[in-house]
Structures are given as C-alpha cells and as structure tokens.
Amino acid sequence: MDKIRAMITGIEGYVPEYRLTNQELETLVETNDEWIVSRTGIKERRILKGENQGTSVMGAAAVKGLLEKTGTDPMDIELIICATVTPDMPFPSSANIIADMVGAKKSYSFDISAACSGFLYALQLGAQFIENGTHKKVVVIGADKMSAIVDYQDRTTCILFGDGAGAVLLEPTSEKLGVMDTILKSDGAGAPYLHMKAGGSRKPATAETLAAREHFAYQEGSTVFKFAVTNMADVSAEVMERNGLTGEDIAWLVPHQANKRIIDATANRMGVGSDKVMMNIERYGNTTAATIPLCLWEYERQLKKGDNLILAAFGGGFTWGSIYLKWAYDPK
C-alpha cells in the first residue's frame, strides 16, 4: 500500500479590524515609524478590541470560514488542535471553546503551547493522526491575542506583536503531497530570554506581581535575535538537505513573521530569492502561532498543486523547527 500522508485541503485566516499603526505607537512610547520599519519591517498590526473577546473568537472565525470554504460539515471534524500562548483562560482549552463555537460536537480538542513555533508543532501532531489511519479530518489552528500580554509601556516589545488566527484542514492522501518531512527542536535553556515572568504556578498572580508589570511578555531582544537567525536558518537548510532540495526546487519559503531581518537571513541561507518568500509582517506584525497560517491564507491563490514549501519558525522556550510541505491543490 502507498504511504498515507496528511495534506492541507483548505486554509482560512482571520484578523481583527482595528489597525494599530506605528504613528499611534509614537503617542504611547518613545519610538518612530522609521525606527520600527528599519529594524523590524512592521508598519501596522491588528488588535482585537472589546470586552470578553479572547483568542477563541479569532480561532472560531477562522475555522468557520475554513469549513464553509471547503464544504465541510462541522460534525465530520474528529480533532481540533489549537496552537496558542494566549488561551482564553488556563482551562478549558481554547480549542474546546472553539469546537463548541463552530458546532464540532463530535470532535475532541486540545491546545498546544510552543510559542511562535506552535503552528508547526500542531501541524506535525495533527499530521500524525492522519498518517496512522485513525483520523480523516483534523483542524489545526494557530491563534494568538498578543495584545493581551504586551506591555504598551515597553517600546522593545509593544512594536512587535499583533493579533490574528489561521486554520487548516488536514485530510489523508496516498499521493506524494502534504507533510513530507519535519524537524522540530527545543531548548529550555532559552527560557530566561523570552518568557512571561508571572501568572503561572511558579509565580501566581499577586498585587505585587501586577504592580511590577510581570504579567507581560519579556524579551531580551539581542539574544533572541541571534539565536533565531542561526537556528531558523540551520533547521530549514537541514530539512532541505535531507530531502535533496536546493533553493531552485523551492516554490515558497513560509517563515514565521517575527522580524524582516531574520526572514532575510533564513532565505539567504537557503538560497531562496526574495520573490519566493511569503511576507506580510508589514501589515500584521508578529502574531505568534498565527503567522505561518496567515501567510498561507494570503498567498493561497498563488500556490499550485505540487509546489514545494518550506515552513520555518522560531519561538520562546526556545522552540524552533521546519516542515517540508508539498501543496495539495490548485487555486480555485
């Protein structure tokens, strides 16, 4: 029998309406548009506004659009995995809430936390359920409301992050399409350089932790930048090498949208020209687990069946990885 692989048969994204521009950030912290664009490539980011609006709102919007686009009955979904570091609450998982919101009553669901690499971790995990023959329809979501954990008094981090969600449908195929190869890595020694100080079991919320502003994302930028440039490029080159791929064989590099300089360095290491790099960081900023599916969603009409894609990400923890994906369908 031919090997069963997991292929993406549909993609949908969602971003909130509100645009937080660099000009507005100039009124909040000491920064300016030229400084932000030259160092990050970001011009604006989307922010989810309103009371009682969590990550699940964006994730559900993406999944509803995905099911409608692919003509999929929500009752046919067997599993929903949501990659996020900003769940609506510690429990239940945002994936559980999303499943209820979209009417996927027969699915089970759970969250996975791997920061900006979360979508790659979730995609590989979802693919394994397909490949082992136990599941036929799996939804994988990358969604984060980073505005909920960004300190808008810290100019080093508040310029970087935005909110958004993307979702894909995974189904089985016996063709040589879909998830072809994956390399995922992590190193907990990187935790001091990119983390949230309080709010977990180690340091529960108190009046003191709130006063010290310890419930926001903290990043030591230079260390994270150096590690990301090296490791995201290395793992992308590694997955290409072990599959006999060169830059000419790659239709698209789909990199995590953290910083344009990191993206450029990864593309250079892979020998991929800028015309083959998916990029929307200028409009959305870093949406953490949502960046890669949002790129696929926006570039979907340019993708063709059989295209070789390299997905690459790096995130807090540290976590990083790369997936070699063969696109499974032509534009509609």
Side-chain angles (χ1 to χ4, degrees), residues 3 5-8 81 83 112-128 130-131 140 142 168 170 176-191 193-194 222-279 281 286 288-289 291-293 295-296 299 303 306-328:
K3 174 181 171 63
R5 290 184 171 87
M7 62 177 176
I8 292 176
I81 306 172
I112 186 169
S113 177
C116 299
S117 306
F119 182 75
L120 295 190
Y121 276 54
L123 184 63
Q124 170 60 12
L125 184 57
Q128 290 176 336
I130 297 288
E131 291 167 2
V140 176
V168 300
L170 293 179
K176 291 185 177 179
L177 298 168
V179 177
M180 306 297 290
D181 195 10
T182 304
I183 301 174
L184 299 174
K185 298 190 177 187
S186 63
D187 183 358
Y193 308 108
L194 184 51
S222 60
T223 301
V224 173
F225 179 84
K226 292 173 185 175
F227 204 95
V229 166
T230 300
N231 287 278
M232 205 163 106
D234 283 354
V235 76
S236 299
E238 183 181 350
V239 79
M240 287 174 61
E241 183 178 353
R242 76 184 198 181
N243 286 280
L245 300 170
T246 68
E248 293 182 357
D249 299 317
I250 304 303
W252 294 97
L253 166 63
V254 192
H256 169 54
Q257 307 286 298
N259 182 300
K260 187 176 183 299
R261 291 185 292 173
I262 296 174
I263 294 171
D264 290 342
T266 302
N268 289 337
R269 174 69 187 280
M270 294 169 57
V272 173
S274 59
D275 59 326
K276 293 182 174 183
V277 179
M278 291 189 187
M279 200 174 316
I281 189 173
N286 182 350
T288 306
T291 66
I292 288 176
C295 276
L296 291 172
Y299 282 77
L303 297 172
D307 277 354
N308 291 320
L309 277 58
I310 299 293
L311 283 52
F314 173 87
F318 289 134
T319 62
W320 67 102
S322 185
I323 289 180
Y324 166 34
L325 178 77
K326 260 190 181 302
W327 197 247

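Atoms considered below: every heavy atom in the structure, side chains included; atoms not considered: hydrogens, waters and symmetry mates. Quick caveat: nothing in here was measured; it's all calculated off a predicted structure. Numbers here are sequence positions counted from 1.
Shown here are the side chain to side chain donor-acceptor pair (under 3.5 Å) partners of S186, two or more places apart in sequence or in another chain: there are none. Residues forming a side chain to side chain contact (heavy atoms under 4.5 Å, CB included) with I263 (at least two apart in sequence, or on another chain): P255, Q257, V277, M279. F318 is linked by a ring pair (Phe, Tyr, Trp, His ring centres under 6.0 Å) to F227, F314, counting only residues two or more places apart in sequence or in another chain. Taking the salt bridge (charged side-chain N to carboxylate O under 4.0 Å, His left out) definition, one finds that K185 meets it with E238, sequence neighbours left out. Scored by the side chain to side chain donor-acceptor pair (under 3.5 Å) test, S113 finds no partners at all (sequence neighbours excluded). Among residues two or more places apart in sequence or in another chain, the side chain to side chain contact (heavy atoms under 4.5 Å, CB included) test is passed with A237 by R269. With sequence neighbours left out, M270 forms a side chain to side chain contact (heavy atoms under 4.5 Å, CB included) with S236, M240, L253, T266, V272, I310. With sequence neighbours left out, the side chain to side chain contact (heavy atoms under 4.5 Å, CB included) criterion links T230 to D234. Contacts of Q124 classified as side chain to side chain donor-acceptor pair (under 3.5 Å), with partners at least two apart in sequence or in another chain: T182.
Remark: L125 CG to I112 CD1 distance equals 5.5 Å, nearest 0.5 Å. Annotation: the span from L184 atom CG to L120 atom CG amounts to 6.5 Å, rounded to 0.5 Å. Here CE of M278 is found 12.0 Å from OG1 of T291. Values are rounded to the nearest 0.5 Å. A distance of 7.0 Å separates CG of L123 from CG of L311, quoted to the nearest 0.5 Å.
For the pair A127 and L170, the tightest heavy-atom approach, listed with the atom from each and the gap, is N-CD1, 3.7 Å. The minimum heavy-atom distance linking A233 with A265 is given by the pair CB-O, 4.4 Å. Scanning both residues, V254 and C295, for their nearest heavy atoms gives CG1-CB, 3.9 Å. Considering all non-hydrogen atoms of both residues, A228 and I262 come closest at CB-CD1, 3.8 Å. In terms of heavy atoms, A289 sits closest to P293 at O-CD, 3.7 Å. Scanning all heavy atoms of the two residues, the minimum distance from I292 to A312 falls at CD1-O, 3.6 Å.
Sorted by first and then second residue, the ring-ring contact (aromatic ring centres under 6.0 Å, His included) pairs with a member in residues 231-262 read W252-Y299; sequence neighbours excluded. For residues 244-265, the salt bridge (Lys or Arg N to Asp or Glu O under 4.0 Å) pairs, not counting sequence neighbours, are K260-D264. For residues 313-324, the side chain to side chain donor-acceptor pair (under 3.5 Å) pairs, not counting sequence neighbours, are S117-T319, N308-Y324.
Annotation: side chain of L303 is in contact with side chain of L309 (closest heavy-atom distance under 4.5 Å). A 4.5 Å side-chain heavy-atom check between I323 and V239 finds every atom pair outside the cut-off.
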Do R5 and L177 pass the side chain to side chain contact (heavy atoms under 4.5 Å, CB included) test, and can you show the C-alpha distance, the side-chain angles, and the key distance before you say yes or no? CA-CA 7 Å; R5 290 184 171 87; L177 298 168; over 6 Å; no
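Remark: side-chain polar atoms of N243 are not paired, donor with acceptor, to backbone N or O of L245 under 3.5 angstrom.
No more than 12 heavy atoms of other residues, nucleotides or ligands shown are found within 6.0 angstrom of OH on Y193.
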